[in-house]
Amino acid sequence: MGYIHCCGALHKTRSYCIVPQENFTMCEVDILSKCPVCGHTVVQLTRVCKDNSISVIRKVNKKARDFFVKLKNQILYKKMNQG
């Protein structure tokens, strides 16, 4: 389970590992279905490059839902709560 920063706080998310694209060693997507403060849907893709640099793609609301639908077929597994 990951966290996304929205409205000045960290909120628990559902986390998934996805198939790493070319030149990436790890890809993870986090989904916040509804922020308890503003109600936004947030999807964040975090990727680690082979040179250990990190890139983040973040989408909100309709773009976030569309982005997740696009990534759904690349999901390898859901990450479990580690707490």
When clusters are formed by joining ILVMFWY residues with side-chain heavy atoms under 4.5 Å apart, either directly or through shared neighbours, do [X] and [Y] land in the same one?
| X | Y | answer |
| --- | --- | --- |
| Phe68 | Val60 | no |
| Phe67 | Ile75 | yes |
| Tyr77 | Ile18 | no |

To the nearest 0.5 angstrom, please state how far the CD1 atom of Ile57 sits from the NZ atom of Lys63.
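The distance works out to 13.0 Å.
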Could you give the distance from OH (Tyr16) to NZ (Lys72), rounded to the nearest 0.5 Å?
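One finds 8.0 Å between OH of Tyr16 and NZ of Lys72.
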By salt bridge (Lys or Arg N to Asp or Glu O under 4.0 Å) - contacts of Lys62 (at least two apart):
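Listed in chain order: Asp66.
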Less than 3.5 Å apart, which donor and acceptor atoms pair up between the side chains of residues 42-53 and the rest of the protein, not counting sequence neighbours?
| residue | atom | partner | partner atom | Å |
| --- | --- | --- | --- | --- |
| Gln44 | OE1 | Arg58 | NH1 | 3.3 |
| Arg47 | NE | Ser55 | OG | 3.2 |
| Arg47 | NH1 | Gln21 | OE1 | 3.0 |
| Asp51 | OD1 | Ser53 | N | 3.2 |
| Asp51 | OD1 | Ser53 | OG | 2.8 |

Taking only residues two or more places apart in sequence or in another chain, which ones pass side chain to side chain donor-acceptor pair (under 3.5 Å) with Ser33?
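Partners of Ser33 under the side chain to side chain donor-acceptor pair (under 3.5 Å) test: Arg14.
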For Cys35, all residues meeting side-chain contact (heavy atoms from CB on, under 4.5 Å), sequence neighbours excluded:
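With neighbours one apart ignored, the set is Cys6, Cys7, His11, Leu32, Val37, Cys38.
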With Lys34 via side-chain contact (heavy atoms from CB on, under 4.5 Å) - residues at least two apart
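Per chain and number, Lys34 pairs via side-chain contact (heavy atoms from CB on, under 4.5 Å) with no residue.
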What I'd like to find out is whether the side chain of Met26 reaches to under 4.5 Å of the side chain of Pro20, using heavy atoms alone.
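No - every pair of side-chain heavy atoms lies 4.5 Å or more apart.
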Please name the pair of heavy atoms, one in Ile4 and one in Thr13, separated by the smallest distance, quoted to 0.1 Å.
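Closest approach of Ile4 to Thr13, heavy atoms only: CG1-CG2, 3.5 Å.
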If hydrophobic residues (ILVMFWY) are linked whenever their side-chain heavy atoms come closer than 4.5 Å, directly or via other members, who joins Val69 in its cluster?
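Joined to Val69, directly or through intermediates: none.
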Do Ser15 and Asp30 pass the side-chain hydrogen bond (donor to acceptor under 3.5 Å, both in side chains) test, and can you show the C-alpha distance, the side-chain angles, and the key distance before you say yes or no?
CA-CA 4 Å; Ser15 297; Asp30 293 298; 2.3 Å; yes
